[in-house]
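Below is one structure, written out as C-alpha cells; comments come after it.
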Amino acid sequence: MKPIRTRFAPSPTGFLHVGNVRAALFPWLVARHNNGAFVLRIEDTDRAREVEGAIDVMKETLNWMGMTWDEGPDVGGPYGPYLQTERTEIYKKWAQKLISKGLAYADPYTPEEVQAFRDQAKAEKRAFLYRDHRPTNPPAWDGSQPLRFKIPEIKAYHWHDEIMGDLSAGPEALDDFIIIKSDGLPTYNFAHVVDDYEMGITHVIRGLEYIASQPKYLALYEALEIPVPVLAHAPHIMAEDGKKKLGKRDGAKSILDYKAQGFLPEAMLNFLASLGWNDGTEQEIFSRQELIDKFSLDRVQRSGARFDEQRLLWMNGHYIRELSVDELFERSRDFWPEAAASASDEFKKQVLGLIQERLKFLAEIPELTAFFFSDLPVNMELINGNKQLKKFEHIELKTLLEQAKEQITASDFTATDLTERLNQLLETTSQKPGVLFSLIRIATTQAPASPGLADTLAVLGRETALRRIDATLAAL
RNA sequence: GGCCUCAUCGUCUAACGGUCAGGACACCGGGUUUUCAUCCCGGCAAUCGGAGUUCGAUUCUCCGUGAGGUCACCA
C-alpha cells in the first residue's frame, strides 16, 4: 500500500494564528496516525505579500506545538525543493504539457481589459466568466503574458470529500484560470496541484475556502493526467464574537502569543483538536499520542466552531495541574517576577507547589507569587473590608495577632507543626478559623488571596512571617 | 447577486429512525477548618421554522430562514 503523505503548505505572509495551526494539525494527525509522512511546503509565489522572517516564525510555531515535519525546507527530503520559488522549472514543464495538448493559452488582455469584462458582467447582473471572452487566436506564449488553463469540458462535477461528504458543483464553477503569472511564477491553483503530485501527497487536507475552486482543480488533474488525491476540507474556526472566520484582521492572536502567556503546547494541541473533532465518546482530554491514535477525518465536524478561550483556559489549567513540580518549574523559567531573581530554585519549587492548582496560565505567576518574594506594604483595606474581620475593633485584632505571633515564634516551621499550633490557637482564643486565619493570612501575605495558611507560612519562613506580623501589629 | 456548504444548551459537542436528547466549558448553589483555587455534589440551559415520509423523526426528503465559503496575474 502506498504510504500516506500529507502536507501543510502555508504562504509566508505572517505569523501562524489559531486557525492556521488547526489547518496544519489535521494533516499532521492523519500522517502520524497512519505512520505516513508530513511535508512542509512553502508557497511563496506571491512575492509582494511575502513577509521577512515569516518562515522561521512558522517553523518555530510548529516546533513548539510538537508538530514536526518529515520533509521541508532545511530538513530536505526526496521530493525537494520545498520552496515553490525554487521549483519554477517543474511548473514550466507541466505547463508545457498543457500547451502542447492545446489546453493552455497566453492571455492577450491587459489586467484593465479583464477588469472591464468583469465590470460589464456585474453591471448586467451576470456572473463573470473569463471563458466567455476566450480569445480565438491567442498569441504564442512568450512568458510575458499570463498563461491560462483552458477548461477542456464545461460540465458539472461530483466528488467525495472525506470531511464534507459528497459534493457537487455546476458548470458555472468552471472557468479558465491563470496558471502562470506574467512574472513567471505559478499561481496557487496550478502550483499546488503539480506539487502535490510531484511530492506524492496522498491526502490533501485544507480549509473549506478551497471547495469552491475544487471543480477547477478536478479539471486540471484530468488535463494533466494525474490522479486526484484524497480530498478533505475542514471548516474554519470562527472568531469568539461574531461568526466570521477567525483571521488576523479580526485580531486573531499568533500561537506564539499564547506561548508567551504561558499556555502549554499539549493544552493547545488538545484544545485545537477537539474544536471540531471528537472521538465519539465523552472523553475531553486527549494526550498527543491518544490524538494520533484516535483521530480520523470522518469524525471531523462539518460546521465551523467558535474559538472559546474559556475552554482553552480550563484545559490549560488542567494540564498545568498534571505536571510534576519539577516539570512545572522547568516550564516556568521565563515567567518569574523580578523580585524572584535571587530566590533559590528550591524555594521557587516550593512556591510553585502551592500555586499550581490555581494557575491557569504561566504568566499569572508574578501576581500569584509576589508576596513570597518581597514584603508588600501593609494594606488595612484588606482587614477593614474583610467581612469577618470588620466586626472587630483593631485592639481586639491586635491582641489576637499577638497571641498568634507567640505560637508562630515557637513553631519549628514545618507545615505540620504550624497546623497543630494554629488549631490550638483556635481553641485557646475560641475564635472561628474565618477570623483567626484570615487575620494571620492577611498580616503575613498582604494579598487578597493566597494558598493555605500553614503551607504558606512554612514556605515564607519564620523571619519573614514575624517581620510582617510586626508590621501589621504596628499599623493596628 | 450566482455557485457551493452548514444548522442540537450561551460555547464545544454526543445520540443504528425508538434516549427522561447525554457529556464538557461557562454560569448559579452547596460541601471540603480563612481567602482565591482545586476537588466533590447539585442546578440552569438545546434539536432554527414549516410541510412531507413513517407506527415513530434531532436523525430521511422538500421549502423557507439564518450563517459560512467563494467568484484575483492572493493563497
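Naming convention: chains lettered A, B, ... in sequence-line order (proteins, then strands); numbering from 1 in each chain. Just so you know, these numbers use all the heavy atoms, side chains as well, and skip hydrogens, waters and symmetry mates.
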Notebook entry, point to check: Hey, which of A:Phe263, A:Phe307, A:Phe286 is the one that makes ring-ring contact (aromatic ring centres under 6.0 Å, His included) with A:Phe271?
Noted result: A:Phe307

Notebook entry, point to check: Given B:C73, is OP1 or OP2 found less than 4.0 Å from the side-chain N or O atoms of A:Arg118?
Noted result: yes

Notebook entry, point to check: For A:Lys122, which residues count as a side chain to side chain contact (heavy atoms under 4.5 Å, CB included) partner, sequence neighbours excluded?
Noted result: none

Please write out the pairs of protein N or O atoms and N or O atoms of nucleotides 58-60 of chain B separated by less than 3.5 Å, giving the distance to one decimal.
none

Notebook entry, point to check: Hey, do the aromatic rings of A:Tyr130 and A:Phe149 have their centres closer than 6.0 Å?
Noted result: no

Check: Under 4.0 Å: is that the gap between some side-chain N or O of A:Lys360 and OP1 or OP2 of B:U38?
Finding: yes

Note to self: It should be established whether A:Asn278 places a side-chain nitrogen or oxygen under 4.0 Å from OP1 or OP2 of nucleotide B:U13.
What the structure shows: no

Which atom pairs link the protein and nucleotides 15-22 of chain B when you take only N or O atoms and keep those under 3.5 Å?
residue	atom	partner	partner atom	Å
B:G22	O2'	A:Glu282	OE2	2.9

Next item on the list: Could you list by number each residue of residues 362-375 of chain A showing a heavy-atom separation from RNA chain B of less than 4.0 Å, or answer none if no residue does?
Entry: none

Note to self: I want to know whether A:Trp277 and A:Phe295 have ring centres closer than 6.0 Å.
What the structure shows: yes

Check: Does the ring centre of A:Phe117 sit less than 6.0 Å away from the ring centre of A:Tyr109?
Finding: yes

Checklist line | Heavy-atom donor-acceptor pair, A:His17 side chain to A:Gly19 backbone, under 3.5 Å | finding: yes

Check nucleotides 27-33 of chain B against the protein and report each pair of N or O atoms closer than 3.5 Å, with its distance, or say if there are none.
residue	atom	partner	partner atom	Å
B:U33	N3	A:Asn423	OD1	2.9
B:U33	O4	A:Asn423	OD1	2.7
B:U33	O4	A:Asn423	ND2	2.6

Next item on the list: Can you figure out which of B:C12, B:U13, B:G69 approaches the side chain of A:Leu208 most closely?
Entry: B:G69

Each nucleotide N or O in nucleotides 39-43 of chain B that has a protein N or O under 3.5 Å away: list the pair and distance.
residue	atom	partner	partner atom	Å
B:C39	OP1	A:Arg321	NH1	3.2

